[in-house]
Undergrad: 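Following this message is one structure expressed as structure tokens.
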Amino acid sequence: MSLFDERRRLPRTLDIVQSVFLVACVAGVPLLWPHTPDVPSRIAIVCCLGVLPALMLAFHSRVRVDARTVRLSLFPVWRKTISRSDIVGSRQRRVSVRDLNGLGLRPTRDGALGLVLRGGDAVEIELGSGKRYLVGTGRPAALLRALAPGRGAGARDAASAR
């Protein structure tokens with residue numbers, strides 16, 4: 001059972017710009033095709049002007065919390081699974097895209113690893129090892145509730161033992 005599940009995309013303006021770029025790239029393939037007689041060049045054209053822009057448009061982050069794990073991902077390039085027992089704390093923070101020098105998976109100035117696709121609300125997750133993850137979210141209160149110590153597997157096991 002999922003306690004929290006959120007998928008976030010880039011801001012709408014960036015999605016539109018990427019969509020226009022993808023259309024321009026796909027339209028460019030037939031224009032370049034006759035000028036590239038060898039197979040490796042044609043493969044490069046398809047990859048660079050078709051596949052890569054489509055992957056860029058598919059970028060999204062996802063945060064899933066269940067009784068035992070927290071799963072963070074930036075599709076299609078990064079995934080991290082954290083055991084709930086490794087989490088020692090969480091707190092809400094405000095995050096600015098300017099502070100992170102961009103969107104996506106970025107190190108913060110204070111040493112955390114940020115998974116942020118929009119500025120605004122975020123939740124910082126601190127592990128016992130000292131590592132910290134800053135997760136951008138549109139629902140910080142719900143994420144903090146899902147991360148609360150009483151919501152994990154240990155609390156469920158203790159309740160079923162009664």
Undergrad: Decide whether Val95 and Val135 are clustered together by the hydrophobic rule: side chain heavy atoms of Ile, Leu, Val, Met, Phe, Trp, Tyr closer than 4.5 Å, transitively.
TA: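 Different clusters.
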Undergrad: Of all heavy-atom pairs between Leu113 and Pro107, which one has the smallest distance, and what is that distance?
TA: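 Distance-wise, the nearest heavy atoms are CD1-N, 4.1 Å.
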Undergrad: Say you draw a straight line from OG of Ser129 to CD of Glu126; how long is it, rounded to the nearest 0.5 Å?
TA: 9.0 Å
Undergrad: Taking the basic N atoms (NZ, or NE/NH1/NH2) and the acidic carboxylate oxygens, is any pair closer than 4.0 Å for Arg132 and Glu124?
TA: yes
Undergrad: Kindly state each residue pair satisfying salt bridge (charged side-chain N to carboxylate O under 4.0 Å, His left out) with at least one member in residues 22-44, sequence neighbours excluded.
TA: none
Undergrad: Is there any ring-ring contact (aromatic ring centres under 6.0 Å, His included) pair reaching into residues 91-117, and which pairs are they, with sequence neighbours excluded?
TA: none
Undergrad: Same cluster or not: are Ile125 and Trp78 linked, directly or through other Ile, Leu, Val, Met, Phe, Trp or Tyr residues, by side-chain heavy atoms under 4.5 angstrom apart?
TA: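 Same cluster: Ile125 reaches Trp78 through Ile, Leu, Val, Met, Phe, Trp or Tyr contacts under 4.5 Å.
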Undergrad: For Asn101, give me all partners under side-chain contact (heavy atoms from CB on, under 4.5 Å), at least two apart in sequence or on another chain.
TA: none
Undergrad: Enumerate the ring-ring contact (aromatic ring centres under 6.0 Å, His included) contacts for residues 82-113, please, sequence neighbours excluded, ordered by first and then second residue.
TA: none
Undergrad: Just jot down the side-chain contact (heavy atoms from CB on, under 4.5 Å) partners of Ser2, sequence neighbours excluded, or say none.
TA: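 Ser2 satisfies side-chain contact (heavy atoms from CB on, under 4.5 Å) with Asp5 once adjacent residues are dropped.
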Undergrad: With sequence neighbours excluded, give me every ring-ring contact (aromatic ring centres under 6.0 Å, His included) pair touching residues 103-144.
TA: none
Undergrad: Among residues two or more places apart or on two chains, list those pairs meeting ring-ring contact (aromatic ring centres under 6.0 Å, His included) that have a residue in residues 106-132.
TA: none
Undergrad: Applying the 4.5 Å side-chain criterion to the ILVMFWY set and letting contacts propagate, would Ile87 and Leu115 be lumped into a single cluster?
TA: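 Hydrophobic grouping puts Ile87 with Leu115.
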Undergrad: Restricting to non-hydrogen atoms, name the atom on Ala146 and the atom on Val65 that form the minimum distance, rounded to 0.1 Å.
TA: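 Here Ala146 and Val65 meet closest at O-CG1, 3.8 Å.
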Undergrad: Identify whether Phe4 and Leu117 are in the same connected component of the hydrophobic contact network (ILVMFWY, side-chain heavy atoms under 4.5 Å).
TA: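 Looking at the clustering, Leu117 is in the same group as Phe4.
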Undergrad: Between Arg94 (side chain only) and Gly119 (backbone N and O only), is there a donor and an acceptor less than 3.5 Å apart?
TA: no
Undergrad: Going by side-chain contact (heavy atoms from CB on, under 4.5 Å), name the residues that satisfy it together with Ser85, two or more places apart in sequence or in a different chain.
TA: Ser83
Undergrad: Residues in side-chain contact (heavy atoms from CB on, under 4.5 Å) with Thr108, at least two apart?
TA: Leu100, Asp110, Ala112, Leu134
Undergrad: Any chance you could measure Gln92, atom CD, to Leu143, atom CG, to the nearest 0.5 Å?
TA: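 Interatomic distance, Gln92 CD to Leu143 CG, rounded to 0.5 Å: 9.5 Å.
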Undergrad: What's in the same ILVMFWY side-chain cluster as Val39, cut-off under 4.5 Å, chained through other members?
TA: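 ILVMFWY cluster around Val39 also holds Ile43.
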Undergrad: Between Arg84 and Leu3, is the side-chain contact (heavy atoms from CB on, under 4.5 Å) condition met? List the steps.
TA: CA-CA 12 Å; Arg84 293 279 303 266; Leu3 301 172; 3.4 Å; yes
Undergrad: Does Arg8 reach the main-chain N or O of Thr137 with its side chain, forming a donor-acceptor pair under 3.5 Å?
TA: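 Such a contact is found between Arg8 side chain and Thr137 backbone.
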Undergrad: So how far is it from Arg9 CZ to Ser61 OG, rounded to the nearest 0.5 Å?
TA: 10.5 Å
Undergrad: Enumerate, atom names and distances included, each donor-acceptor pair closer than 3.5 Å involving a side-chain atom of residues 70-77, sequence neighbours excluded.
TA:
{"residue": "Arg71", "atom": "NH1", "partner": "Asp66", "partner atom": "OD2", "Å": "3.0"}
{"residue": "Arg71", "atom": "NH1", "partner": "Thr69", "partner atom": "OG1", "Å": "3.3"}

Undergrad: Between Leu127 and Val88, does a side-chain contact (heavy atoms from CB on, under 4.5 Å) hold up when you go through it step by step?
TA: CA-CA 5 Å; Leu127 306 183; Val88 295; 5.8 Å; no
Undergrad: Restricting to salt bridge (Lys or Arg N to Asp or Glu O under 4.0 Å), what partner residues turn up for Arg139, sequence neighbours left out?
TA: none
Undergrad: Mind running side-chain contact (heavy atoms from CB on, under 4.5 Å) on Arg106 and Val116 for me, showing each step along the way?
TA: CA-CA 8 Å; Arg106 305 281 183 157; Val116 179; over 6 Å; no
